[in-house]
Structure formats: C-alpha cells, structure tokens
Amino acid sequence: AVQLVESGGGSVQSGGSLRLSCVTSPHKYNPYAMGWFRQAPGEEREGVAFIDYHYSTWYAASVKGRFTISQDHAKNTVYLQMNSLKPEDTAMYYCAFDSEYGGNWWTPPRPLEFDYWGQGTQVTVSS
C-alpha cells in the first residue's frame with residue numbers, strides 16, 4: 001500500500017497563490033501516476049492536474065496556465081502550485097496515486113483509476 005499525506009491548503013483572496021504538497025510512502029511502482037482531484041460541496045470529484053513517472057502532465061482546462069504540477073522523486077513528493085486563484089477553485093483537494101497507470105493521458109483521469117488517496121486538504125478562495 002502507498003500512504004499519501006497532503007499539506008498546504010488554506011484560505012486566500014482571489015488572485016492569491018497556494019502550494020499543495022503530497023508526500024508518498026516509499027514504493028516501487030513503475031509506471032505510476034499521481035495528481036490532484038478536487039470536490040466542492042454538492043459537486044462530483046474532478047481531475048485537476050496529474051504527472052506521471054516520466055514527468056508527462058495533464059491539466060484540466062479550467063486550471064491551465066494558472067496551476068503547475070511538479071514532482072521531486074528524491075523527496076517522494078508531488079507539488080501543485082496554484083496561482084491566480086479564483087473563488088470557483090474553492091474545494092477539498094485530494095492527492096491520488098495510480099499504481100496501474102497505462103502510460104499516457106489520452107483520456108482525462110478518472111477517480112476510479114486511482115487506488116490510493118490522501119485525506120484531503122481544504123482550499124478556500126474568497127472574492
């Protein structure tokens with residue numbers, strides 16, 4: 001099993017920035033992919049940004065140009081830098097790990113494809 005621990009959420013005003021971190025326990029999965037989903041009250045969980053073992057990335061259209069996902073293999077950590085935040089970015093953000101990654105981003109990542117999850121970290125953006 002892979003344990004995921006998120007940090008970095010909080011409250012900011014519109015236009016502000018936050019950086020989320022997700023630390024994984026050591027693992028030997030290869031290939032794999034990791035990333036972030038978010039879920040607002042009453043809404044479905046949606047994919048935000050993802051990165052695979054080869055540093056290939058996928059972004060939701062709503063965050064392209066504002067969010068950047070990166071990873072540090074030595075620290076077993078994935079980061080989500082969120083700039084120009086908007087009130088509609090308000091949600092619980094969940095880090096997720098796919099141990100059976102197919103090796104491409106031909107289709108948008110779906111929650112069912114990810115088998116390990118963090119506990120979530122709240123991001124609140126006020127106008």
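Reckoned from all heavy atoms, side chains included, excluding hydrogens, waters and symmetry mates.
Counting only residues at least two apart or in different chains, disulfide (SG to SG under 2.5 Å) contacts with residues 40-91 are absent. Sorted by first and then second residue, the disulfide (SG to SG under 2.5 Å) pairs with a member in residues 7-59 read Cys22-Cys95; sequence neighbours excluded. Here salt bridge (charged side-chain N to carboxylate O under 4.0 Å, His left out) pairs that include residues 113-123, with residues two or more places apart or in two chains, are Arg110-Glu113. Applying the side chain to side chain donor-acceptor pair (under 3.5 Å) test to pairs two or more places apart or on separate chains, those with a residue in residues 7-24 are Ser17-Asn83.
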| said: side chain to side chain contact (heavy atoms under 4.5 Å, CB included), that's the test. Do Leu20 and Val123 meet it? Break it down for me. | reply: CA-CA 9 Å; Leu20 306 183; Val123 171; 4.1 Å; yes
| task | Please assess Tyr29 against Tyr116 for the test side chain to side chain contact (heavy atoms under 4.5 Å, CB included), listing each intermediate value before the final yes or no. | result | CA-CA 12 Å; Tyr29 289 109; Tyr116 300 107; 3.4 Å; yes
| Could you go step by step and tell me if His73 and Tyr55 meet the ring pair (Phe, Tyr, Trp, His ring centres under 6.0 Å) rule? | CA-CA 10 Å; His73 285 299; Tyr55 297 90; 5.2 Å; yes
| Val23 vs Leu4, side chain to side chain contact (heavy atoms under 4.5 Å, CB included): CA-CA, chis, key distance, verdict | CA-CA 6 Å; Val23 181; Leu4 309 176; over 6 Å; no
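Between the side chains of Asn30 and Tyr53, no donor-acceptor pair of N or O atoms lies under 3.5 Å.
Rounding to the nearest 0.5 Å gives a distance of 6.5 Å between CD1 of Ile51 and OG of Ser70. Distance check, rounded to the nearest 0.5 Å: NE2 of His27 to OG of Ser99 gives 9.5 Å.
When each of Tyr32, Phe97, Tyr94, Phe50 is checked for a ring pair (Phe, Tyr, Trp, His ring centres under 6.0 Å) with Phe114, only Phe50 meets the rule. For the side chain to side chain contact (heavy atoms under 4.5 Å, CB included) with Val48, the qualifying choice from Trp58, Phe67, Tyr59, Phe37 is Phe67, the only one to do so.
Counting heavy-atom neighbours within 6.0 Å of Glu100 CD, excluding the residue itself, gives a total of 12 or less. Within a 6.0 Å radius of CD in Glu44, other residues, nucleotides and ligands contribute 12 heavy atoms or fewer.
The salt bridge (charged side-chain N to carboxylate O under 4.0 Å, His left out) check on Glu6 picks up nothing, with sequence neighbours excluded. By the salt bridge (charged side-chain N to carboxylate O under 4.0 Å, His left out) test, Asp89 is found to be paired with Arg38, Arg66, residues two or more places apart in sequence or in another chain being considered.
Tyr101 and Asp98 get closest at one heavy-atom pair: N-OD1, 3.3 Å. Residues Pro87 and Ser126 come closest through the heavy atom pair CG-C, 4.5 Å. Closest approach of His54 to Asp52, counting heavy atoms only: N-OD1, 2.8 Å.
In this structure, the side chain of Ser25 engages the main chain of Gln3 through a donor-acceptor pair within 3.5 Å. Using a distance-only test at 3.5 Å, with no hydrogens or angles considered, no donor-acceptor pair links the side chain of Thr90 to the main chain of Glu88.
Under the 4.5 Å side-chain contact rule for hydrophobic residues, Met92 and Met34 share a cluster. In terms of hydrophobic clustering, with Ile, Leu, Val, Met, Phe, Trp and Tyr side chains grouped at heavy-atom distances under 4.5 Å, Tyr93 and Val2 are assigned to a common cluster. Tyr79 and Trp117 sit in two unconnected hydrophobic clusters of ILVMFWY residues. Membership requires side-chain heavy atoms under 4.5 Å apart, directly or through other members. Linking Ile, Leu, Val, Met, Phe, Trp and Tyr residues whenever their side-chain heavy atoms come within less than 4.5 Å places Leu80 and Trp105 in a single cluster.
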